[in-house]
Amino acid sequence: MALPENGPDVATGPDVATGPGVAGGPDGSEALRVLHRVFGYDAFRGGQQEIIEHVIAGGDALVLMPTGGGKSLCYQIPALVRKGVGVVISPLIALMQDQVDALRNLGVRAGFLNSTQDLDERRLVEAEFLAGELDLLYLAPERLRVESTLRLLDRGTVSLFAIDEAHCVAQWGHDFRPDYLALSELHERWPTVPRIALTATATEATHGEIASRLKLQDAHHFVASFDRPNIQYRIASKNEPKKQLLELLRTEHPGDAGIVYCLSRSSVEKTAEFLVSNGIEAVPYHAGLDARVRAENQARFLREDGLVVVATIAFGMGIDKPDVRFVAHLDLPKSVEGYYQETGRAGRDGLPSTAWLAYGLQDVIQQRKMIDTSEGDDAHRRKLGAHLEAMLALCETVECRRVQLLAYFGQRSTACGNCDTCLTPPESWDGTIPAQKLLSTVVRLKRERNQKFGAGQVIDILLGKKTAKVIQFDHDALSVFGIGTELREAEWRGVVRQLLAQGLLGVEGDYGTLVLTDASAEVLGRQREVRLRREPEKTRTGKPAKSGASGSSPKSRKAAADLPEEAVPVFEGLRAWRAATAKEQGVPAYVIFHDATLREIATVVPSTLEELGAVNGVGENKLLKYGQQILDTLAP
């Protein structure tokens, strides 16, 4: 993604590749020491090193990096190197405790201030901040609109401001938060304190809006690759979607943690109940639930292995759970940005994961209706329409899904060989004549009967079905009656869906009646060819996605599958120890150690603390805290 020629410099680079990682200069060397000592890694990934050095030197930065790309280190390490306290603005009040717990487990002095604390708790954190006893302080954006918070920051020493989930400032974005608009004032009140704004998703337009609203036009902009090669993207035609989802979970993800997104609260409840009744452990999450139930279900998802959460898009931002093996959508997302961010919650650990979407005609009709009845002016509706058209283009493409997805973010790529359209290429066929027949039926209904109907009635007419409704309205007397028997009903529904997606057909009213658009005349007048996608007879499923760094199986219950045979029981023993330790401390298992770290320990089987300290992900504090327990677990 490139900014206009007169915009700031943009540094681009891969988001997951691991290089030699020796940072240059005194600041870079200190950053590398912190990376090894605190976090237990010997090398930076992708563009992390350049970003970290830039912020340590006092520069402002705008960072676009995919979920799982290591954004948090880009402000955590500068906060540990620079003098003072790093202030992190995050919209995720419900997750602050887990974020702080994870940092404290690394030996980082972290705290937060938000509305969940009582007065004594807030006073303690404020005192720690003023005494310089914190490395990082997390704040919700609304707290920066409280004068007492601003005065508190004035009295302490702030090393940097990190604005996490920066896309929340985009006014027509999918996660807009009005309180983010006030963050532009940070630079005015603290002009010498560097700012770093970070997001996992942004088109060129959103990128520019973030820079403008946060006054970061003159900051250095770092744009990493948006590719997540460990995620396999698949989009299936809807055919009893809950049953399709159940098959996916049973055949490819038994016992795996995952997220299922639904458009409505009712769908969330029904889908969760359906999964539970079929032996899948699942919980619902939506804004209509009691706050206590919602918090409990989120906490269970973070702390338990193998739990499925069924949710509206209210769930997921900031979820750091690394072993989410699948994200499924039972309804069409409103935008590619939303889809990318939601699917990006799968496979943060770099292991193979699935992004699966069930998509059908009713999705298109429903989304079009929502846009037509949405609040805002015509310009806003046009913007929503453009978002939908881009999402439909991704669903209907006969090319590589990944190529199409990355192109939306301005990134060129080649066919991945791993998405559904690469594994089982769909055909593209000339649908001009079927399109003309369908549009002609809509025309005849309007001209000869002064009527409008939905897709079902139009298709019945084309297929020559003498249903009660067809006979009632005398539609069997129309000249178009029965002219479409060359296609099956499901194929005609695909034609309607794709004509809607291409803007060659429209819908209106509460009942989704079909109407012509300005572009329909070009098809009827034989001035435009219509290319349509024909679904493969049988979509191949179950092929594991390409791996990230470790190349393991997609099933978490088979996370040890590619380990040496003798390492498998060692790995399982370490997982059991981790689960017990996490339960005892009341934290998610990944806060103790990630699977990748346990896999390496199981492979090398260290016999001393020194050998254990050389394993990736074992920093000084964790070595001191858990080292002997691990060695005891490994002992024969």
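All residue numbers refer to positions in the sequence shown, counting from 1.
In this structure, the side chain of T603 engages the main chain of R599 through a donor-acceptor pair within 3.5 Å. Side chain of R234 to backbone of W356: no donor-acceptor contact under 3.5 angstrom is found. Listed for the S353 side chain is no donor-acceptor partner under 3.5 Å among the backbone atoms of A346. At least one donor-acceptor pair under 3.5 Å links the side chain of T597 to the backbone N or O of N616. A donor-acceptor contact shorter than 3.5 Å is absent between the side chain of R325 and the backbone of T354.
Under the 4.5 Å side-chain criterion, counting only non-hydrogen atoms from C-beta, Q48 is in contact with C74. At a threshold of 4.5 Å between non-hydrogen side-chain atoms, the residues L144 and L150 count as touching. In this structure the side chain of V615 reaches within 4.5 angstrom of the side chain of V604, judged on heavy atoms.
The shortest heavy-atom contact between N418 and R402 is ND2-NH2, 3.7 Å. Here the shortest heavy-atom pairing between I77 and F44 reads CD1-CE2, 3.7 Å. Closest non-hydrogen pair, K622 versus G617, comes out as CD-O, 4.2 Å. Taking each heavy atom of Y180 and P91 in turn, the nearest pair found is OH-CD, 3.0 Å. Here the closest heavy-atom approach between residue K83 and residue S159 is recorded as O-CB, 3.2 Å. Contact detail for V55 and L160: the closest heavy-atom pair is CG1-CD2, 4.1 Å.
Checking L35, V618, L73 one by one against Y41, the side chain to side chain contact (heavy atoms under 4.5 Å, CB included) holds for a single residue, L35.
Within the structure, every pair that satisfies the salt bridge (charged side-chain N to carboxylate O under 4.0 Å, His left out) test and touches residues 91-101, not counting sequence neighbours, is listed here: D98-R303. Identified under the salt bridge (charged side-chain N to carboxylate O under 4.0 Å, His left out) test for residues 403-412, with sequence neighbours left out: none. The side-chain hydrogen bond (donor to acceptor under 3.5 Å, both in side chains) contacts involving residues 131-141 comprise R109-D135, where partners must be two or more places apart or lie in separate chains. Applying the ring-ring contact (aromatic ring centres under 6.0 Å, His included) test to pairs two or more places apart or on separate chains, those with a residue in residues 583-631 are W577-Y626, F593-Y626.
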Listed pairs under 3.5 Å, donor-acceptor, residues 123-130 side chains, sequence neighbours left out:
none

Let me have the donor-acceptor pairs involving side chains of residues 190-199, under 3.5 Å, with sequence neighbours excluded, atom names and distances please.
{"unit_1": "W190", "atom_1": "NE1", "unit_2": "D154", "atom_2": "OD1", "d": "3.0"}
{"unit_1": "R195", "atom_1": "NH1", "unit_2": "L214", "atom_2": "O", "d": "2.8"}
{"unit_1": "R195", "atom_1": "NH2", "unit_2": "D60", "atom_2": "OD2", "d": "3.1"}
{"unit_1": "R195", "atom_1": "NH2", "unit_2": "K215", "atom_2": "O", "d": "3.2"}
{"unit_1": "T199", "atom_1": "OG1", "unit_2": "H167", "atom_2": "ND1", "d": "2.9"}
{"unit_1": "T199", "atom_1": "OG1", "unit_2": "T201", "atom_2": "N", "d": "3.3"}
{"unit_1": "T199", "atom_1": "OG1", "unit_2": "T201", "atom_2": "O", "d": "3.3"}

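In this structure S607 satisfies the side-chain hydrogen bond (donor to acceptor under 3.5 Å, both in side chains) test together with E611, sequence neighbours excluded. Taking H36 as the reference, D42 meet the side-chain hydrogen bond (donor to acceptor under 3.5 Å, both in side chains) condition, with sequence neighbours excluded. With sequence neighbours excluded, no residue forms a side-chain hydrogen bond (donor to acceptor under 3.5 Å, both in side chains) with N621. With sequence neighbours excluded, the residues that form a side-chain contact (heavy atoms from CB on, under 4.5 Å) with E610 are T608. Not counting sequence neighbours, R37 has no partner by the salt bridge (charged side-chain N to carboxylate O under 4.0 Å, His left out) test. Not counting sequence neighbours, the partners of E304 by the side-chain hydrogen bond (donor to acceptor under 3.5 Å, both in side chains) test are R300.
Y340 has its ring centre less than 6.0 Å from the ring centre of F409.
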Would you sort out whether R143 and D179 count as a salt bridge (charged side-chain N to carboxylate O under 4.0 Å, His left out), showing the intermediate values?
CA-CA 9 Å; R143 292 210 68 82; D179 289 311; over 6 Å; no

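Using a 4.0 Å cut-off between a side-chain N of Lys or Arg and a carboxylate O of Asp or Glu, R189 and E147 qualify as a salt bridge. Remark: E30 engages R33 in a salt bridge, criterion side-chain N to carboxylate O under 4.0 Å.
No more than 12 heavy atoms of other residues, nucleotides or ligands sit less than 6.0 Å from atom NZ of K334.
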